[in-house]
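Note on naming: letters A, B, ... go to the chains in the order of the sequence lines (proteins, then strands), and numbering restarts at 1 for each one. All values reported here derive from a predicted model rather than from experimental measurement.
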Amino acid sequence: MKIYVCVKQVPDSAASIRIRGENRIHEDLTFVMNPCDEHALTEAVVISETFKGCETIAVCLGRPRARETLMSAMAMGANRSILIESETDHDSITTARALKKAIDLDGTPDLIFTGKEAMDTGGMQTMFRLAALYRMPVVTNAVDVRVDGKEVLVTSEAEQGVRCTWKMKLPCVVSAGKGLNSPGYPTLRQIMTARKKKMEIIAFGDLDLEKPMGGATLLKLEPWVEKREATWLQGASSEIADQLVTILHHRAKVI
Amino acid sequence: MKRAAVFIEQGNNRPNHGDFGMISYLRQLGCQLYAFVLNQTSTGWEKKLADYGLNRVVTLSFGGAPRPKTPELKAQAVARAMETMGIPILFALATLPGKELLARVAAELEAPLLMDCTAVDLKAKTATTSLYSGKTQAVIQVEGNHLVFGIRPHCHKPIKQPLALETEQLRLPPLPGGRMELVASQAGILPHMDLNEAEVILSGGRGLENGDNFDILRQCAKELNAGVGASRVAVDKGWVPYAMQIGQTGLKVSPVVYIACGISGSVQHFAGMKTAKIIIAVNKDPDAAIVKKSDYFTTNDLFEVIPLLTQALKTFRKNRE
């Protein structure tokens, strides 16, 4: 059994983003593995430990610096990894095609994991596009995954905490949500072992992808400007409550 | 006039509050709006939406086969309907189920999808959305035979512009069998309103001190018809479930009013609620980050202010009756 986990390298959540030119950012930032992908990887490793001869392979489309992210993936338990190296960003259509091509060159997936969304682009699309390309079923925002022979039971969390458990046949795609597990920090020993694991590097251009039917291009990037001016509401708490009612009624018009 | 499809999610057999604003906005883009309906029984919401600019309701049927219930089959139905009718554009509100449906349709059609748009230009084929968890605003151009857009809830005002609603039946061939089967479902752990839909959200953080104290917010939320959210600290401490988390790694919401109680306002929390129209901070610390980024703030104790607000809202309502 082969489990592929698609991971992305993203700017750290605390990083301040500075814009360069029309549509790029300065990349002198701290980059980390996308948080939801950590849940995906952790789950894949747990599952692979229960099946004899099961292999977990982390796959990433990213800059050369994404080697660090794949190194962490292997320290967290992936058996090996594949980096599709590219100096430019790609939309989710091309990303899904590139991931599929790289996986196809490597082997036949029984299970593909992704995180439920990338923290930087927040698109929530790549898992669905991968599934469509593979003609596999997909469940998103998984909070529980049970592999039972040829079937998988995936519980996903929807709005208002509604939970649905879906049965799918392998192979399928599962995107991991936050409640799935608690990823741990790798030990020093795991980090040392990771260095001996295999990381395959493929140049994006060498994948020779077909031109997709559509695409998205980032034209312009601007910093978000906060335009708020804070007004201090003062007085006794009962007076503040009355002022709030006035704001909710007159300005916000929600009551 | 260009035709565009709009998917109306009906969680509780009615459209989302945000759908009215979205329809009003899309009407201004100069396209004819067709809503696809997958369920059999109408509850009259179509007429209400026509008051805001919906042109036509298309009821889909599948050659006697049962109507699609799973997200997978719903998306296939919408994709087939767009292809059959030659409608190249799809819009829906970027709520949690909306996002999933749009992503599945876009994958099915290999169409570009821009999520959480605040503005769309159909001539230039561009849309405005945010990137890097709300730290930047981006203009993105799309190309393809089909284009899909998710519209951020509450960012456009509902404007009445009544139209005579047309209706149509569209017969599609039966859909292939689904590959995901629902085996169990569990009702929400949250007895409140969907946070994507809520016009007002009361949110609690470290300052709430424990899970039980969230009742103070819930009681006030009842008076306001508001949703209750939480910061990462509150969910990580196990006070409230993850489904309530607002922020970079949680839900991204755009309510009309966001009342942050005992929340310091980290960059990560802001990423999830900075698009709120009005931010009100209740925080004892005048130096907290949330205070500087709010529209109104008070440094009085939230354990005093919120229960008094609940009382004041009750009085306000009584006086109006």
Do you know which two heavy atoms are closest between [X] and [Y], and how far apart they sit?
X: B/A243; Y: A/E157; value: CB-OE1, 3.6 Å
X: B/V142; Y: A/A216; value: CG1-CB, 4.0 Å
X: B/M180; Y: A/V139; value: CE-CG2, 3.9 Å
X: A/A132; Y: B/A107; value: CB-O, 3.6 Å
X: B/I278; Y: A/A252; value: CD1-CB, 3.7 Å
X: B/R320; Y: A/H249; value: NH2-CE1, 3.7 Å

Pairs of heavy atoms under 4.5 Å with chain A: top-ranked of [options]:
options: B/A75, B/A276, B/S266; value: B/A276
options: B/V305, B/T310, B/L147; value: B/V305
options: B/V267, B/T126, B/L114, B/V257; value: B/V257
options: B/A312, B/S294, B/P307; value: B/S294
options: B/V256, B/V291, B/T299; value: B/T299
options: B/E304, B/R104, B/M115; value: B/R104

Any heavy-atom pair between the side chains of [Y] and [X] that's under 4.5 Å?
X: B/L309; Y: A/V245; result: yes
X: B/Y296; Y: A/Q243; result: no
X: A/W166; Y: B/L182; result: yes
X: A/F128; Y: B/E100; result: yes
X: A/M168; Y: B/E72; result: no
X: B/K277; Y: A/R251; result: no
X: B/Y242; Y: A/V143; result: no
X: B/Q137; Y: A/V225; result: no

Is [X] close to chain A through its backbone or its side chain, or both, or neither, when contacts mean heavy atoms under 4.5 Å?
X: B/K252; result: side chain
X: B/A111; result: backbone
X: B/L109; result: backbone
X: B/F316; result: side chain
X: B/Q245; result: side chain
X: B/V183; result: both
X: B/I280; result: side chain

Under 4.5 Å, heavy atom to heavy atom: which of residues 232-241 of chain A reach chain B? Give them by number, or say none.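 Contacts with chain B: A/W232, A/L233, A/G235, A/A236, A/S237, A/S238, A/I240, A/A241.
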
Sort by residue number and list every member of residues 4-15 of chain A having a non-hydrogen atom under 4.5 Å from chain B.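 Against chain B, the residues of residues 4-15 of chain A that fall inside the cut-off (heavy atoms, under 4.5 Å) are A/P11, A/D12, A/S13, A/A14, A/A15.
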
For [X], is the [atom1] atom crowded, meaning more than 12 foreign heavy atoms sit under 6.0 Å from it?
X: B/K293; atom1: NZ; result: yes
X: A/R135; atom1: CZ; result: no
X: A/R146; atom1: CZ; result: no
X: A/R65; atom1: CZ; result: yes

Go through [options] and name the one with the most non-hydrogen pairs under 4.5 angstrom from chain B.
options: A/T126, A/L219, A/T231, A/L130; value: A/T231
options: A/L218, A/N141, A/I19; value: A/L218
options: A/T217, A/L133, A/N23, A/I17; value: A/T217

Look only at the side chain of A/Q125 and the backbone of B/L113, and say whether a donor-acceptor pair between them is shorter than 3.5 Å.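 Yes, because the side chain of A/Q125 sits within donor-acceptor range (under 3.5 Å) of the backbone of B/L113.
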
May I ask you to decide if A/M213's main-chain N or O and B/E110's side chain share a donor-acceptor pair within less than 3.5 Å?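 Judged by distance alone, yes, a pair lies under 3.5 Å.
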
[X] [atom1] to [Y] [atom2] distance, which is reported to the nearest 0.5 Å:
X: B/K274; Y: A/E226; atom1: NZ; atom2: CD; value: 6.0 Å
X: A/T140; Y: B/K99; atom1: OG1; atom2: NZ; value: 11.0 Å
X: B/E143; Y: A/D91; atom1: CD; atom2: CG; value: 9.0 Å
X: B/T136; Y: A/I25; atom1: OG1; atom2: CD1; value: 8.0 Å
X: B/E223; Y: A/I255; atom1: CD; atom2: CD1; value: 10.0 Å
X: B/I306; Y: A/L244; atom1: CD1; atom2: CG; value: 7.0 Å

Chain B contact via [X] - side chain, backbone, both or neither, heavy atoms under 4.5 Å:
X: A/A230; answer: both
X: A/R18; answer: neither
X: A/P212; answer: both
X: A/M136; answer: backbone
X: A/V138; answer: both
X: A/E117; answer: side chain
X: A/I247; answer: side chain
X: A/V152; answer: neither

Can you list the steps and then say if A/E151 with B/E181 is a side chain to side chain contact (heavy atoms under 4.5 Å, CB included)? CA-CA 11 Å; A/E151 283 177 345; B/E181 182 197 338; over 6 Å; no

